[in-house]
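Written below as structure tokens is the structure these notes are about.
Quick caveat, the model's predicted, so the values are computed rather than measured.
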Amino acid sequence: VQLQACGGGLVQAGDSLRLSCATSIRTFFNYYHMGWFRQAPGKEREFVGASTQHSHNTFYADSVKGRFTISRDYDKNTVYLQMDNLKPEDTAVHYCAATSKTFSNLQFGVRARQTYDYWGQGTQVTVSS
């Protein structure tokens, strides 16, 4: 499985960006949980949000809830991260990730970095104040 993230850039606070993550997953795209993570300089990679199998659920970190939205295009096997009202603290390299694992505790499972088997290369988002 290959993931290709793009769409990052340099924007001002309050602006929007949409990140895309194109996947090589074809027939079973429905069966993958798709996550977004980010890593700022000197910090651990942190959970941003996730779209679960069959798009049954989406989960977000508290820091982005209400501003970011995850969606999927099943024709293109692509997952998106729409980021609105961006803040300087959103500045980070953003990564998409995928896994087909199942969990006894879904909300906990999709938030864990170790859960994911496949990662994209990351795209830089820089928000100036």
Side-chain angles (χ1 to χ4, degrees):
V1 172
Q2 294 182 328
L3 308 177
Q4 182 77 29
C6 64
L10 171 62
V11 297
Q12 293 186 329
D15 285 350
S16 297
L17 277 175
R18 188 176 79 157
L19 306 185
S20 300
C21 177
T23 80
S24 64
I25 303 166
R26 293 291 178 261
T27 306
F28 301 107
F29 184 52
N30 252 343
Y31 293 89
Y32 280 79
H33 305 296
M34 300 299 302
W36 285 96
F37 288 76
R38 66 187 183 187
Q39 188 167 16
K43 294 188 176 181
E44 295 286 320
R45 192 170 298 188
E46 66 175 6
F47 173 76
V48 173
S51 165
T52 64
Q53 293 170 332
H54 310 288
S55 299
H56 281 167
N57 302 97
T58 50
F59 299 109
Y60 299 96
D62 288 343
S63 59
V64 307
K65 201 173 294 183
R67 300 188 297 121
F68 290 12
T69 305
I70 295 174
S71 61
R72 300 197 196 205
D73 185 330
Y74 286 91
D75 290 332
K76 296 180 179 178
N77 299 313
T78 297
V79 62
Y80 301 98
L81 180 66
Q82 176 67 40
M83 306 185 294
D84 297 321
N85 190 21
L86 282 160
K87 302 178 180 181
E89 50 264 42
D90 296 318
T91 295
V93 177
H94 285 64
Y95 299 88
C96 60
T99 184
S100 59
K101 293 187 179 76
T102 57
F103 308 101
S104 57
N105 186 322
L106 180 62
Q107 186 169 180
F108 176 81
V110 296
R111 292 173 183 269
R113 189 177 55 197
Q114 301 88 326
T115 283
Y116 293 87
D117 302 306
Y118 308 103
W119 290 84
Q121 83 287 5
T123 183
Q124 176 71 47
V125 172
T126 304
V127 185
S128 64
S129 57

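Between the side chain of S100 and the main chain of Y31, no donor-acceptor pair closer than 3.5 Å is present. A donor-acceptor pair is defined here as one N or O able to donate and one able to accept, closer than 3.5 Å; no such pair exists between the side chain of S51 and the backbone of T58. The main-chain N or O of C96 is never found under 3.5 Å from a side-chain atom of Y118 such that the two would form a donor-acceptor pair. In terms of modelled atom types and a separation under 3.5 Å, the side chain of N77 and the main chain of I25 share a donor-acceptor contact. Here the side chain of T115 pairs a donor or acceptor atom with the backbone of G109 at under 3.5 angstrom.
Residues Y60 and K65 come closest through the heavy atom pair O-CE, 3.7 Å. Here the closest heavy-atom approach between residue V79 and residue W36 is recorded as O-CZ2, 3.8 Å. The shortest heavy-atom contact between F47 and V110 is CE1-O, 3.4 Å. Heavy atoms only, all atoms of each residue included: P88 and A13 are closest at CD-CB, 4.2 Å. L3 and Q121 get closest at one heavy-atom pair: O-OE1, 3.8 Å. T78 and S20 make their closest contact through CG2-CB, 4.3 Å (heavy atoms, listed as atom of the first residue, atom of the second, distance).
Using a cut-off of 4.0 Å between Lys/Arg side-chain N and Asp/Glu carboxylate O, K87 and D90 are scored as not salt-bridged.
Two residues are said to be in side-chain contact when any heavy atoms from C-beta on lie closer than 4.5 Å; T91 and Q124 meet this criterion. Side chains of M34 and T23 form a contact here, defined as non-hydrogen atoms less than 4.5 Å apart.
Pairs of residues two or more places apart, or lying in two chains, that qualify as ring-ring contact (aromatic ring centres under 6.0 Å, His included) and include a residue from residues 69-107 are F29-Y74, H33-F103.
At a threshold of 4.5 Å between side-chain heavy atoms, the hydrophobic network of Ile, Leu, Val, Met, Phe, Trp and Tyr places L106 and Y116 in one connected group. With hydrophobic clusters built from ILVMFWY side chains whose heavy atoms lie under 4.5 angstrom apart, F68 shares a cluster with I70.
Taking OH of Y32 as the reference point, atom OG1 of T99 lies at 8.0 Å (rounded to 0.5 Å).
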